[in-house]
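Here the structure comes first, spelled out in structure tokens, and everything after it is commentary.
We use all heavy atoms of the structure for the numbers below, so side chains are in, but hydrogens, waters and symmetry mates are not. Being a predicted model, the structure only gives us computed values, none of them experimental.
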Amino acid sequence: DALRHERSDAEAAAIYEKMIAARQGGAQPYIALAKLLEHRLHDVNKAANIARRGLLYLTDRPSLSPREQAQLDDLSEELKLKQSEINGYTLQIDKQTETINNQKKLIGDQEKYLQAANSELLEMRTQMQSIAVLRMSILEQIRDSIVDVMGDESKVSVGDNGNIILNEGVFFDLGSSSIKPESEAVLNELIDVFVKFLSNEENAKYVDSIVISGHTDITGTAETNRQ
């Protein structure tokens with residue numbers, strides 16, 4: 001203890017090591033060095049190793065004095081404490097290692113999921129872009145076909161919502177859902193256009209249905225106009 005107070009911990013440890021190598025001081029340098037390593041230098045593994053060497057030193061002696069027996073007991077107890085601490089540290093390290101490995105696996109699984117999701121989104125986006133281009137191409141072909149039949153480009157257009165807008169009036173009598181005779185010619189022209197367009201197998205496979213819709217004027221009640 002006096003040696004540790006007079007010198008730095010590293011210097012004291014070096015002196016104890018020399019005393020052990022020269023087999024000076026009996027078991028005392030082993031005990032002092034083991035305590036110094038544990039409590040001052042915080043090296044439990046090395047402290048346990050020194051305690052084991054001290055035990056071997058004492059057990060190799062043919063007989064022990066009461067003082068040496070006390071030192072043996074002290075070293076044995078010190079070694080048990082060190083081993084218990086090492087076991088505790090090892091358990092903590094094992095648990096932390098397991099936690100880290102689980103987190104790494106979770107991160108790896110998440111990265112794989114994100115990569116798959118990004119690939120799927122990219123594929124969907126590409127498909128949607130292709131469908132949008134194809135749909136617009138079909139609508140433009142239908143519009144051009146209607147223009148060819150009607151002979152007036154101003155009568156038909158493609159709306160922002162992707163619908164074909166017919167600017168040629170299709171009229172009904174007030175309070176009636178029956179088309180007026182003079183408007184039937186317009187619908188007949190549309191029929192010719194769609195029949196011709198759908199007769200092409202390449203065009204037909206992209207068209208599920210054709211919906212023709214219109215709207216009422218503001219005359220009458222909302223309930224009546226919805227009928």
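To the nearest 0.5 Å, the span separating CD on E17 from CD1 on I15 amounts to 11.5 Å. Taking CD1 of I50 as the start and CG of L33 as the end, the distance is 4.5 Å to the nearest 0.5 Å. Atom CG of L122 is separated from atom CD of Q127 by 10.0 Å, given to the nearest 0.5 angstrom. The line from NZ of K35 to CZ of R40 is 14.0 Å long, rounded to the nearest 0.5 Å.
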Quick one: side chains of residues 106-117, donor-acceptor pairs under 3.5 Å with protein atoms, not counting sequence neighbours, listed by atom name and distance.
from : atom 1 : to   : atom 2 : distance (Å)
D109 : OD2    : K105 : NZ     : 3.1

I'd like a table of donor-acceptor pairs (distance under 3.5 Å, sequence neighbours excluded) in which one partner is a side-chain atom from residues 188-202, with atom names and distances.
from : atom 1 : to   : atom 2 : distance (Å)
N188 : ND2    : E184 : O      : 3.2
S199 : OG     : K196 : O      : 2.5
N200 : OD1    : E202 : N      : 2.8
N200 : OD1    : N203 : N      : 3.3
E202 : OE1    : K205 : NZ     : 3.4
E202 : OE2    : K205 : NZ     : 3.3

Show me the side-chain donor-acceptor pairs of residues 88-99 shorter than 3.5 Å, one per line, residues at least two apart or across chains.
from : atom 1 : to  : atom 2 : distance (Å)
T90  : OG1    : I86 : O      : 2.7
T97  : OG1    : I93 : O      : 2.7
T99  : OG1    : K95 : O      : 2.9

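Looking only at distances, a side-chain donor or acceptor of E11 sits under 3.5 Å from a matching main-chain atom of S8.
Taking the salt bridge (charged side-chain N to carboxylate O under 4.0 Å, His left out) definition, one finds that E38 meets it with K82, sequence neighbours left out. Under the side-chain hydrogen bond (donor to acceptor under 3.5 Å, both in side chains) criterion, R135 pairs with no residue at all, not counting sequence neighbours. Partners of K180 under the salt bridge (charged side-chain N to carboxylate O under 4.0 Å, His left out) rule, at least two apart in sequence or in another chain, are D173, E182.
No side-chain heavy atom of E123 sits less than 4.5 Å from a side-chain heavy atom of E120.
L187 is connected to I164 through a chain of hydrophobic side-chain contacts under 4.5 Å among Ile, Leu, Val, Met, Phe, Trp and Tyr, so both are in one cluster.
Across all their heavy atoms, G25 and P29 have their closest contact at O-CD, 3.2 Å. The shortest heavy-atom contact between A51 and A34 is N-CB, 4.4 Å.
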